[in-house]
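Report on one structure; see the data block that follows.
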Amino acid sequence: MIISEMQSKLATWSTENEERKFDRLIRIIADRSWLSEAARITLTSSGARTPGVDGIDKRRMEAMLDLELETLRYELLTGNYCPQPARRVYIPKANGKLRPLGIPCLRDRIVQRAMLMVMEPIWESDFHPVSYGFRPARSVHHAIRTVKMQLQDGNEQTNSTAGRWVIEGDLASYFDTVHHRLLMKAVRKRISDQRFLSLLWKMIKSGCVDHGLFRASSEGVPQGGVISPLLSNIMLHEFDQWMEAKFLSKKVRKDRWAWNFGIQNKRPIAIRENRQWKPAISYCRYADDFVVVVKGTKAHAEVVREACREFLEVKLKLTLNMDKTHITHVNDGFTFLGYRIIRKRGSRGRMRPVSSIPWEKYRRFTEKLVKQLSGNYGMNRMDFVESLNRQLAGWANFYQYTDHTATIFSKVDRTVFWKLGYWLARKYKRGFRSLMREFVRSPEKGKAKIWILQGQNSRGFYGTLALRRLITSRKRWFTWRNPEENPYILRSEKRRTVESYFDEVAFALSNT
DNA sequence: CCTCTCATGAC
RNA sequence: CUUGUCAUGAGAGG
């Protein structure tokens, strides 16, 4: 079985028929090549060396892989497969609290990966265009760009009193509170294969082992499970659909326009019935984090928030954290997906949404670097600068589409410059000034000066190395993807041309 | 086209 | 001692 072709078929079928329920999926995931691909991905992931409760790590799994996959295949087809409980580990979160992880053992991760490989192509056709979390070909940047566009003044009609209010949705410990029966109900909308469904049921019911004690799971999906992100999207897709039907669809917008038009033109019936202006709504979701933009009054926003709360609580058995679900005016700014977004007056007097790096993120990053620069005196200097450069490059890369980075970037540059100077001075017991005279130079003519070191790194490479400056990091053009398209659907024509092209290249190379 | 290393970020 | 999904960048090799 060719995996990409099978996934393309599943994606096409679910796109073409939105009612279609898939049967005999267990036969696909029990396929030899399917399972071995799932195993390959699982074993090449960075967490593969961390075992589950059975203590089997990457090395041991690789040693008996063929036999293990045959066993899995047999157990899956006969329905004897039984997932083991996850190993519970607590890791600290940014806010100081602990995050409970459930680490399944490797064979369970392989099976979950096989399930993911079959489920994701199907649901990708269903998911809402403004849902961005955990989905292929979609990123934080797409979500941020979407929200910024929604905040732009434009086409949508507003009355003179309409402002823009933002609801920052926050679900209380979402992964741990997913309702099992409701989740299965959502899954059954697309899957009719009883064996597959009972496998999934066993999976979410398998519980965990905490401090050597087994604990059954009455609700929630394991944080650490391969399919958990997809399951969270399947559950919250119900919320997306409700939002779509209630606030976002073409029909709703048309009706709202007619309604507001009636009020605007002071139709007697509108006045007599004391009709209220209806606000325009837009919405964007990233996993359990979502933003609703209300073009109206704060009271309008409060009504919308209450409606969301009620739906989530009654229909999905999820609790919206009301303390953290703020309603803020766009001009006061809000935080979403690690960005601060605020509407400001632009150059030509027009209000424009801009994004910037939140102070807290800047502080955390420099703190991390300063901590490294206040120790590690035994480290090879070239290795150390290489490591710093990689971290600086990665950070700048994430914020490359942000609007006002210059001040923050130069602040980071300055602290790293000085702290690296002190680091060198202490390591080599030399004066700061003499080090500067010797090693602070311009990388090129006209460029600002920076530490330029030469020497040999631990891998034996000899050369010169300049400390990276964030301020010079370039901004690339942002590329959109088609939000309606299922990325699993292979475009046969394009694919053929690409394949033939690479066949020719391969042929040409093999002949030289 | 493939393999691998390292890094960043969101949740 | 830290799992998972997704995105992105840099580099090395075939």
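Sequence lines set the chain letters: A, B, ... in the order given, protein chains first and strands last, and positions in each chain run from 1.
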Distance-only criterion, 3.5 Å: show the donor-acceptor pairs between side-chain atoms of residues 112-120 of chain A and protein atoms not counting sequence neighbours.
unit_1   : atom_1 : unit_2   : atom_2 : d
A:Gln112 : OE1    : A:Val226 : N      : 2.7
A:Gln112 : OE1    : A:Ile227 : N      : 3.3
A:Glu120 : OE1    : A:Tyr488 : OH     : 2.4

query = Any salt bridge between A:Glu168 and A:Lys324, counting N to O under 4.0 Å?
reply = no
request  = Take the protein atom CD1 of A:Ile56 and the nucleotide atom P of C:rU3, then report the distance between them rounded to whole Å.
outcome  = 18 Å
Gap separating the OH atom of A:Tyr401 from the OG atom of A:Ser139, nearest 0.5 angstrom = 7.5 Å
request  = Enumerate the residue pairs fulfilling side-chain hydrogen bond (donor to acceptor under 3.5 Å, both in side chains) with a member in residues 34-58 of chain A, sequence neighbours excluded, ordered by first and then second residue.
outcome  = A:Glu37-A:Arg40
inquiry  = Restricting to side-chain hydrogen bond (donor to acceptor under 3.5 Å, both in side chains), what partner residues turn up for A:Lys205, sequence neighbours left out?
reply    = A:His180
message = Checking side-chain polar atoms at under 3.5 Å, does A:Glu386 have a donor or acceptor matched by the opposite partner on A:Asn389?
response = no
ask   = Heavy atom of residues 112-137 of chain A under 4.0 Å from RNA chain C: which residues?
value = A:Arg113, A:Phe134, A:Arg135, A:Pro136, A:Ala137
query = Heavy atom of residues 355-370 of chain A under 4.0 Å from DNA chain B: which residues?
reply = A:Lys361, A:Lys368
remark   = Rounded to the nearest 0.5 angstrom, the CG-CZ distance for A:Leu101 and A:Phe175 is 11.0 Å
inquiry  = Could you work out, with salt bridge (Lys or Arg N to Asp or Glu O under 4.0 Å) as the rule, every residue matching A:Asp31, not counting sequence neighbours?
reply    = none
remark   = Of the candidates C:rG4, C:rU2, C:rA10, the side chain of A:Leu101 sits closest to C:rU2
task = Whole angstrom is fine here: how far is it from CG in A:Asp210 over to C1' in C:rU3?
result = 15 Å
request  = Give the rounded distance in Å between these two atoms: CZ of A:Arg459 and P of B:dC6.
outcome  = 11 Å
request  = Could you pull out all residues at least two apart from A:Glu367 that satisfy side-chain hydrogen bond (donor to acceptor under 3.5 Å, both in side chains)?
outcome  = A:Arg363
remark   = Expected list for residues 84-100 of chain A near RNA chain C, using heavy atoms below 4.0 Å, is A:Arg87, A:Val89, A:Ile91, A:Pro92
task = Compute whether any side-chain donor of one residue and acceptor of the other, for A:Ser458 and A:Asp383, lie under 3.5 angstrom apart.
result = yes
Secondary structure string for RNA chain C (Watson-Crick or G-U under 3.5 angstrom, | for other-strand pairs) = ...|||||||||||
key: Short side-chain donor-acceptor distance under 3.5 Å, A:Asp289 and A:Tyr132   = no
task = Look at all strands and tell whether A:Ser232 reaches a base, only sugar-phosphate, or nothing, counting heavy atoms closer than 4.0 Å.
result = nothing
ask   = Can you name the one residue among A:Phe398, A:Trp477, A:Trp480 that meets ring-ring contact (aromatic ring centres under 6.0 Å, His included) with A:His141?
value = A:Phe398
inquiry  = Just to be sure I understand the rule, does A:Thr50 reach a base, reach only the sugar-phosphate, or reach nothing, if contact means heavy atoms closer than 4.0 Å?
reply    = sugar-phosphate
message = List the residues meeting ring pair (Phe, Tyr, Trp, His ring centres under 6.0 Å) with A:Phe334, not counting sequence neighbours, and say none if there are none.
response = none
Presence of A:Arg109 side-chain N/O under 4.0 Å of C:rU3 phosphate oxygens OP1/OP2 = no
query = Quantified in whole Å, what is the C1' atom distance between nucleotide B:dT8 and nucleotide C:rC1?
reply = 23 Å
Strand-adjacent residues in residues 383-411 of chain A, judged by heavy atoms under 4.0 Å from DNA chain B = A:Arg390, A:Gln391, A:Gly394, A:Trp395, A:Phe398
query = Do you see a donor-acceptor pair shorter than 3.5 Å between the side chains of A:Asn321 and A:Tyr174?
reply = no
ask   = When you check the gap from the basic side-chain N to the acidic O, do A:Lys189 and A:Glu238 get nearer than 4.0 Å?
value = yes
request  = For A:Thr44 and for A:Leu337, find the nucleotide of DNA chain B with the closest heavy atom, then tell me which residue's nucleotide is more 5'.
outcome  = A:Thr44
Which pairs, protein N/O on one side and nucleotides 12-14 of chain C N/O on the other, fall under 3.5 Å?
none

query = Does a side chain donor of either A:Asp240 or A:Tyr283 reach within less than 3.5 Å of an acceptor in the other side chain?
reply = yes
